[in-house]
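Below you'll find the structure, written out as structure tokens, and then a few comments.
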Amino acid sequence: MNNRQKIINIAVIAHVDAGKSTLVDAFLSQSGVFRANEEVVDCVMDSNDLERERGITIYSKNCSVIYKDFKINIVDTPGHADFSSEVERIMKTVDTVILLVDSSEGPMPQTRFVLQKSLELGIRPILLINKIDKKDQRADEVVNMVFDLFVELSANEQQLDFPILYGIAREGVVRYEMEDQNKDLVPLFETIIDHVDSYPDLNEEPLQLQVSSLGYDEYIGRLGIGRIFQGKISEGQTVSVFNRDGNIVKRKISHVFIYTGLKKISVHEAYSGDIVVLSGISDISIGETICEENKVIPMELIKIEEPTLSMNFLVNKSPFAGLSGKFVTSRHIKSRLEKELEVNVGLKVEPINDVEGFKVSGRGELHLSILIENMRREGYELAISKPEVIMHRENDKLIEPVERVICNVPEEYTGAVITKLNLRKGTLVSMNVESNYARIEYLVSTRGLIGYRREFINDTRGKGTLIRRFDTFDDYKGEIPQRENGVMISQVTGESMTYSLYNLSDRGQMIINPGIKVYEGMIVGICNKNTDLTVNPCKNKKLTNMRSSSSDDSMRLQTPRIFTLEEALEFVNDDELVEVTPKDIRLRKKHLTLLERKRNQKEFVVI
């Protein structure tokens, strides 16, 4: 690379499942990044195992393509609201954004968030209406909806004059008009270079680089990723770092990398406009400015929104602790969380007094559950408490986070959805019915939404979709009803038996199969009533030499409800924990014995 290469940085932003990663695949494929005989997987940028399994982007990532004499750096961003800290911090590094909007769904809550962030920074977006091959596409109407959203977000005249393209990202097709017949991305490439100027040549100016993202390498340590706004930087160079505390410290750059295709390439020197990866500054953090030695020109720090939800990560002290996990102590958990803080800026970790554990705060249930899932796959065991919403005080008034919720449900289920959201102190914003489907928009406190997703799936028979994201802080909503059902708690340690589970199934739904090892205090089922039951799931049929007409009939058990990690976290109450191990996810009471629970609960039934 030479210092005269034209550079444009773009970000692909959209709501979850709008086609961002698929569009980036098409960018890479049509720009010759892959060899002719190379096998290419879908969503190649989603390299994390969890990203592939869940089909979502969790971490923002960089790559680059060459078109004509332009180098285009591309940032693929997450679409889920819980990872919005990944989006907001990279906006300052790009020249324009491609806003993807589904031709059928239209703008969604996360669309509003990412668009607002880009407009606040003065970026002029390019609108791409994706999935125009859908049978229920309404592209013209969606364009009008997006324009209304721009106006609502106070876009200026230049931003309102945005280019509009139509595409099918899965097929690598983007068109100026829906009737066009081209089969490539050329209209998108041409729109990018026409819509935004390449970055000016500021190589001779004093160095100014702001870190927008972090990485970690086992061999060279912490990595700082950011754009060179002016000047140039080289390996071995001594620089001044203006840190988040307002202090200036001197550090030495060990390595400089730039993106070429999907790869990071080590270079001796990098120039203004490019996105680079730096090693050698072990304490570098988001938003800090790297400048020339003794020529400090600090940039405004990047503000990261505060966490809204917290959970306690505790040492697992159940009778089955340590049977499958390698890392089980408080020291292990502390070390892993400190490592996560190296790259996860939306996270906050605090020790808990008099308890072996840590209070971990994040941007939502998914944000924290992804961390827990990664930890269990790495061999960690821990116990997780019920998620708690983080409250704030403003002018001596208690306020709490409120989320904007959009539900798309068959019309016949709207009554059940509205009733449940009203009970959870939600406020109806709008409701529209089209083609027998209702689009319901609500404002509901985060507390009110904990545990609701499962109810929503049941109420809509699995046919509805629920999308939510943080909207604002509002007055405390008062007490909100939570889980209505009690649980069945094992009173013995042993192995669950079909005979016992069959007899217990009349009292509720089981959450374990026969032949599962259980311990005293472990939750084995969900009661039909709102009272907890202490039961014996290990009781077997007594053996006798007597036979009855029905003794040989097979006992058919109903399919138990097996919890995923997110469902378990939503389900538990204040006096319960989720036990997470590499092999199992169990539910348990905080107090395992009946005597301990009696001291903490007034009503208890033993059978």
Side-chain angles (χ1 to χ4, degrees), residues 5-15 17-34 40 42-45 62-77 79 94-107 111 114-115 118-119 123-135 137-147 149-150 155 158-199 261:
Q5 186 171 22
K6 298 177 182 177
I7 296 174
I8 296 176
N9 294 347
I10 66 171
V12 184
I13 61 175
H15 186 79
D17 200 32
K20 299 179 300 300
S21 299
T22 310
L23 180 63
V24 175
D25 285 354
F27 266 121
L28 294 167
S29 177
Q30 295 189 27
S31 59
V33 169
F34 304 117
V40 181
D42 291 337
C43 299
V44 66
M45 293 285 281
N62 301 71
C63 64
S64 74
V65 298
I66 303 296
Y67 179 74
K68 295 183 176 178
D69 57 344
F70 289 84
K71 177 184 180 182
I72 302 176
N73 286 314
I74 304 170
V75 184
D76 182 21
T77 63
V94 299
D95 302 303
T96 190
V97 296
I98 300 172
L99 177 66
L100 254 68
V101 180
D102 188 292
S103 65
S104 171
E105 294 178 347
T111 311
V114 293
L115 178 60
S118 61
L119 294 177
I123 292 173
R124 296 170 56 217
I126 297 169
L127 175 62
L128 173 55
I129 305 298
N130 194 25
K131 304 182 183 181
I132 58 173
D133 55 334
K134 277 187 170 183
K135 291 182 180 179
Q137 66 85 15
R138 45 176 187 150
D140 293 338
E141 186 179 344
V142 168
V143 169
N144 292 331
M145 294 167 68
V146 175
F147 184 84
L149 181 59
F150 270 71
Q158 285 187 321
Q159 291 170 331
L160 286 172
D161 187 21
F162 51 84
I164 303 169
L165 298 169
Y166 305 87
I168 311 169
R170 185 181 66 251
E171 298 177 7
V173 174
V174 173
R175 295 166 179 162
Y176 293 113
E177 302 291 343
M178 291 185 62
E179 299 78 19
D180 294 347
Q181 298 299 314
N182 65 291
K183 301 289 185 181
D184 52 32
L185 293 182
V186 169
L188 181 54
F189 279 117
E190 291 292 336
T191 300
I192 291 170
I193 63 178
D194 290 341
H195 181 66
V196 61
D197 296 329
S198 61
Y199 200 81

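Everything numeric in this text was worked out from a predicted model, so none of it was measured.
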#### Entry: Verdict with reasoning, Leu23 to Asn130, per side chain to side chain contact (heavy atoms under 4.5 Å, CB included)
CA-CA 9 Å; Leu23 180 63; Asn130 194 25; over 6 Å; no
Could you tell me which non-hydrogen atom of [X] sits nearest to which non-hydrogen atom of [Y], and how far apart they are?
X	Y	result
Phe27	Leu185	N-CD1, 3.6 Å
Asp95	Ile7	OD2-O, 4.2 Å
Met145	Pro107	CE-CD, 3.7 Å
Ile132	Ile129	CG2-O, 3.5 Å
Ser64	Asn73	CB-OD1, 3.3 Å
Asp102	Ser104	OD1-N, 2.7 Å

When you measure from the side chain of [X] to the backbone N and O of [Y], does any donor-acceptor pair fall under 3.5 Å?
X	Y	value
Glu105	Ser103	no
Gln159	Pro125	no
Thr96	Arg124	yes
Asn144	Glu141	no
Gln137	Ala139	yes

### Query
Can you list the steps and then say if Leu99 with Phe150 is a side chain to side chain contact (heavy atoms under 4.5 Å, CB included)?
CA-CA 12 Å; Leu99 177 66; Phe150 270 71; 4.2 Å; yes
[atom1] of [X] to [atom2] of [Y]: how many Å apart, nearest 0.5 Å?
X	Y	atom1	atom2	value
Ile98	Ser118	CD1	OG	12.0 Å
Ile72	Ile192	CD1	CD1	5.0 Å
Leu188	Ile10	CG	CD1	6.5 Å

### Query
So which pairs with a foot in residues 184-199 pass side chain to side chain donor-acceptor pair (under 3.5 Å), sequence neighbours left out?
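Every side chain to side chain donor-acceptor pair (under 3.5 Å) pair that includes a residue of residues 184-199, provided the two are not neighbours, is Tyr67-Glu190, Lys68-Glu190, Asn182-Asp184.
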Donor-acceptor contacts under 3.5 Å from residues 161-170 side chains, at least two apart:
from	atom 1	to	atom 2	distance (Å)
Arg170	NH2	Asp133	OD2	2.9

### Task
With side chain to side chain contact (heavy atoms under 4.5 Å, CB included) as the test, would you mind laying out the steps for Ile126 and Leu128 before giving the verdict?
CA-CA 6 Å; Ile126 297 169; Leu128 173 55; 5.6 Å; no
### Task
Take Val75 and Asn9, measure what side chain to side chain contact (heavy atoms under 4.5 Å, CB included) needs, and give me the verdict at the end.
CA-CA 8 Å; Val75 184; Asn9 294 347; over 6 Å; no
### Task
Not counting sequence neighbours, which residues clear salt bridge (charged side-chain N to carboxylate O under 4.0 Å, His left out) with Glu171? List them please.
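Salt bridge (charged side-chain N to carboxylate O under 4.0 Å, His left out) list for Glu171, sorted by chain: empty.
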